[in-house]
Amino acid sequence: MVLPLPLPQLFTYKIPDQLVDTVSAGCRIIVPFGQRKFVTGVVRSIHQHAPASYQTKELIDVLDVTPTMNAYQFKFMDWMAEYYLCAPGEVLQAALPSGFKLSSESMIQLNPLFQEASVDLTEKERRIIQELRSNTLSYKDISKLIDQSSVQPIIKLLIQKQAILLFEEVKEKYSPKIISKIRLADQYTTPHALANLMQELDKKPRQQEVLMRYLQEVPVIQTPGANIPGIEKTFFTASGLSTSSLQTLIKNKVFEAFEEVISRLSYRADEKKSVVELSEQQEAAKESILLQLDTKDSVLLHGVTGSGKTEIYIDLIKRSIDNGSQALLLLPEIALTTQIVQRLEEYFGDRMGVYHSKFSDNERVEVWRGLQEGRYDFIVGVRSSVFLPFTHLGLIIIDEEHEASYKQQDPAPRYNGRDAALMLARIHNAKTVLGSATPSIESRDAALKNRWGYVPLLNRYGNVSLPEIRLADMRVERKNKTVQQGFSLTLLSAIRETIANKKQVIIFQNRRGYAPMLECEDCGNIPMCTSCSVSLTYHQFSHELRCHYCGFTRKVPQKCDSCSSHRLKTVGSGTERIEDELQILLPEARIRRMDLDTTRKKNSFAELITAFSQHEIDILIGTQMVTKGLDFANVELVGVYDADRMLYFPDFRAIERTYQMIVQVSGRAGRKSGEGKVIIQTAQPEHPVFAFIKNNDYDGFFTRELYEREMYHYPPFTRVTHISVLHLDKKEALKTAHGLTAKLKDAIGSKRILGPQVASIEKLRNYYHIELFIKLEKDIKGLQSIKNKIASIVQNEHTLHIGSKGRIIIDTDQN
DNA sequence: AGCACGCCGACT
DNA sequence: GTCGGCGTGCTC
Ligand SMILES: [Zn+2]
Ligand SMILES: [Zn+2]
């Protein structure tokens with residue numbers, strides 16, 4: 001079996017005789033593990049080979065009647081553990097919604113044989129015993145009760161005195177949602193019986209009232225079937241009727257009380273639209289996709305922003321479902337909005353399951369079960385939906401295929417949802433369609449080399465023109481002193497004109513807060529985070545300095561930490577400042593901001609979207625959030641506040657990212673009218689990336705970028721594995737990293753290793769980061785054995801030199 | 001990962 | 001004296 005723990009191996013347990021018939025591969029079982037009494041794991045296989053080298057324990061219980069996981073999932077998870085060099089248990093941890101795991105807790109109960117008079121008790125002990133007479137308690141409860149952190153000694157003593165008993169309480173985390181309902185007892189559902197009953201109740205007006213209300217709501221005689229589902233009990237309390245009368249009616253068997261398990265997932269209207277209306281261009285693209293899928297497993301759909309890729313997806317998904325297969329649509333987290341979900345619901349109704357990371361555990365369990373029970377044949381979801389229990393997947397669509405957020409960053413498995421989905425498709429023998437307006441270099445390359453099919457959509461839906469893109473040369477404007485509060489005259493006058501025409505504006509700046517740093521004008525000191533080597537971002541609204549990496553906050557200092565000067569200035573601009581300053585420049589404009597800080601509350605995102613779409617906002621300032629999937633007909637101007645920042649990230653994808661980000665946000669302009677304008681503020685207008693963006697020249701951009709990648713041996717020509725050594729002590733981190741580098745060079749060749757070097761952010765959450773890169777050629781024999789070698793060297797180095805003061809992270813296909 | 005064991009510093 | 005810190009080792 002697999003346990004959801006970061007351990008490399010599987011574990012073998014004995015199945016007790018009485019459970020033999022109930023266990024099968026894929027079932028969740030509870031086992032004792034080490035000192036832990038109950039751990040939930042999943043059965044991988046059942047065999048008859050009793051291990052010779054150790055004693056097996058018996059499993060305790062089986063949680064499932066039907067297995068939670070199937071063989072496709074195992075195959076997929078095995079691939080993932082191997083490819084991303086992590087433990088099978090780590091993959092399981094990522095795959096299983098935590099609602100599937102058991103929670104277990106030690107509970108304390110009073111020993112029924114305990115005689116209080118027979119022993120001496122301290123004051124604290126007495127208080128605990130007193131409380132235990134009415135309740136069972138957890139360790140935490142007791143700690144609270146006696147206001148003391150260590151309770152272990154007291155508990156030990158009480159056990160010795162035979163006052164209490166310990167037991168382990170295990171519960172399934174998932175709990176179905178149950179509602180209490182009532183319905184009329186069967187015998188009263190005929191007109192005659194009902195009339196008699198009414199008469200009997202003549203002298204009991206309250207009860208009669210309740211019955212009347214029920215009949216109003218459930219016309220038992222006219223629609224006989226209506227009595228079966230009954231009505232929620234809370235209906236009566238809500239409408240102010242006497243609950244005691246209702247209780248009496250239930251007691252007298254007039255009403256029958258029963259419970260019903262209901263879904264947490266809101267019921268959706270049945271599908272209304274059965275066919276998608278495709279434009280000529282879309283129809284042609286769809287036909288081309290289908291044709292290419294005859295001979296290829298994957299097709300890249302390269303459609304400019306606003307070309308209507310979603311309709312094509314819908315058509316393809318419908319087709320796949322009609323063939324009796326399941327379909328999966330993957331979206332980046334920020335793109336899975338209610339807007340898109342509602343649009344899909346119109347076509348797929350309740351045959352569609354939504355798998356979102358914002359869902360509660362219980363909801364995720366319900367989607368998982370729903371898929372198993374055949375209630376869904378189409379799932380729209382984020383990265384982690386690749387783990388769902390599909391049984392006959394026919395089509396996977398990966399939208400916004402280029403998105404970096406498809407890569408899981410921190411806990412292992414550090415998988416790329418796109419690449420994992422491609423593997424999932426292979427396992428199911430399914431087809432894959434990857435969509436993007438700005439395909440990743442890797443994907444375009446795969447299509448160009450004929451491994452994948454390729455379908456371009458060159459025009460926007462309805463032949464609407466692409467926006468006109470202009471550059472605002474900040475160097476020239478600064479020299480001419482036409483820059484106000486960071487806004488070039490070019491951009492500012494365009495904003496004015498757009499608002500005057502009653503159209504809307506989006507301003508994009510990929511940085512939240514007011515200003516990325518505070519600086520002392522006298523000594524140049526910059527307040528830094530105490531745990532990270534980054535400056536603290538100034539947040540005006542909350543009036544604090546905040547670290548965007550670890551969350552550390554402090555009050556805004558009144559004077560410099562080092563020289564006590566009061567002359568502190570803000571440096572740089574985040575969305576909050578831009579909002580502020582633009583309001584000063586345009587006092588009449590209705591300006592709002594959309595970033596992590598303004599959308600933290602539950603419905604704030606939806607509210608902003610609604611307000612903007614109803615034109616209650618003229619200018620929306622935002623971070624990445626405004627680049628994806630938003631479809632506002634009235635937006636005619638997009639301003640990119642600072643295009644240069646992203647270009648200089650120390651990362652081989654910096655240019656690709658810049659290109660994608662700007663093209664995506666530009667795509668918000670003029671989606672309906674075709675009158676869209678984009679203005680990009682840059683101090684380097686001669687940088688080639690801007691010419692490609694301006695001329696909508698993806699191919700030019702691609703060719704140049706591919707050449708660079710080949711020159712410098714980066715993907716798609718190589719595979720980059722990134723290794724970070726984390727340690728609380730910088731010297732130790734460096735020492736280990738150097739040692740590791742030497743061993744790796746020795747094992748797989750020195751020209752494949754780059755580094756070690758201090759990471760671009762040296763310290764994060766008090767851990768020093770030293771990194772090194774391993775570049776492996778694209779198509780080499782024995783790739784997996786080289787990777788395994790790397791993993792075992794890393795593992796070794798970790799146990800030898802790191803211990804618990806740090807860790808070493810392997811990131812396959814870093815991005 | 002979590003849990004126990006074991007070995008050293010600073011408190012009643 | 002012992003309480004509690006964390007380094008180390010193990011889990012079928
Ligand atoms: Zn100073
Ligand atoms: Zn920090």
Side-chain angles (χ1 to χ4, degrees), chain A residues 1-16 19-20 23 25 27-62 77 81 84-98 100-107 122-124 138-140 142-143 146-157 159-160 166-170 173 410-414 726-729 732-733 736 766-767 794-810:
Chain A
M1 66 172 304
V2 211
L3 291 166
L5 302 172
L7 299 170
Q9 72 279 53
L10 302 180
F11 295 89
T12 303
Y13 283 83
K14 187 177 182 312
I15 307 172
L19 292 176
V20 167
V23 191
C27 286
R28 291 175 302 145
I29 56 175
I30 308 173
V31 295
F33 186 68
Q35 310 300 317
R36 279 172 278 183
K37 294 191 180 75
F38 306 107
V39 181
T40 316
V42 173
V43 179
R44 278 303 305 262
S45 69
I46 295 168
H47 59 79
Q48 328 294 335
H49 320 292
S53 54
Y54 56 87
Q55 193 88 64
T56 54
K57 290 183 181 173
E58 282 197 349
L59 66 90
I60 295 171
D61 209 352
V62 183
M77 288 163 62
Y84 291 103
L85 301 175
C86 68
E90 290 175 308
V91 180
L92 182 68
Q93 176 77 27
L96 275 188
S98 59
F100 275 132
K101 282 162 234 158
L102 286 184
S103 58
S104 96
E105 197 174 14
S106 296
M107 298 295 283
T122 65
E123 166 56 27
K124 279 176 183 172
S138 68
Y139 276 65
K140 249 189 229 146
I142 291 184
S143 156
I146 59 174
D147 194 28
Q148 180 178 319
S149 64
S150 67
V151 292
Q152 193 65 43
I154 294 187
I155 289 173
K156 245 184 197 162
L157 225 66
I159 294 173
Q160 269 170 29
L166 269 181
F167 70 104
E168 212 62 23
E169 194 174 75
V170 184
K173 275 195 190 162
D410 199 28
R414 296 179 174 77
L726 276 60
H727 205 286
L728 291 165
D729 183 80
E732 283 298 314
T736 313
N766 287 320
Y767 283 92
V794 166
Q795 179 64 45
N796 230 336
E797 215 61 7
H798 184 265
T799 43
L800 267 139
H801 301 291
I802 296 270
S804 58
K805 279 188 173 153
R807 44 197 200 124
I808 307 181
I809 294 169
I810 309 180

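Within every chain, numbering begins at 1; the chains are lettered A, B, ... in the order of the sequence lines, protein sequences first and strands thereafter.
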Atom [atom1] in [X], atom [atom2] in [Y]: separation rounded to 0.5 Å?
X        : Y        : atom1 : atom2 : answer
A/Ile809 : A/Arg414 : CD1   : CZ    : 4.5 Å
A/Leu3   : A/Lys101 : CG    : NZ    : 11.5 Å
A/His727 : A/Ile802 : NE2   : CD1   : 5.0 Å

Terminal contacting nucleotides, 5' and 3', DNA chain B versus chain A (heavy atom, 4.0 Å): B/dA1 to B/dA4
For A/Lys57, does the NZ atom have more than 12 heavy-atom neighbours from other residues, nucleotides or ligands under 6.0 Å away? yes
Atom [atom1] of [X] to atom [atom2] of [N]: distance rounded to whole Å?
X        : N      : atom1 : atom2 : result
A/Asp729 : C/dG7  : CG    : P     : 13 Å
A/Leu800 : C/dT8  : CG    : P     : 11 Å
A/His798 : C/dT8  : NE2   : P     : 12 Å
A/Phe38  : C/dT11 : CZ    : C1'   : 17 Å
A/Met1   : C/dT11 : CE    : P     : 16 Å

Show the numbers, then the answer: is there a side-chain contact (heavy atoms from CB on, under 4.5 Å) between A/Glu58 and A/Leu19? CA-CA 10 Å; A/Glu58 282 197 349; A/Leu19 292 176; over 6 Å; no
Nearest-nucleotide pick for A/Lys57, side chain only, options being C/dT8, C/dT11, C/dC12: C/dC12
What residues form a salt bridge (charged side-chain N to carboxylate O under 4.0 Å, His left out) with A/Arg807, not counting sequence neighbours? A/Asp410
Which residue lies toward the 5' end of DNA chain B, A/Gln35 or A/Glu90, if each is placed at its nearest nucleotide? A/Glu90
Hey, can you pull the residues of residues 44-56 of chain A with a non-hydrogen atom under 4.0 angstrom from DNA chain C? A/Tyr54, A/Gln55, A/Thr56
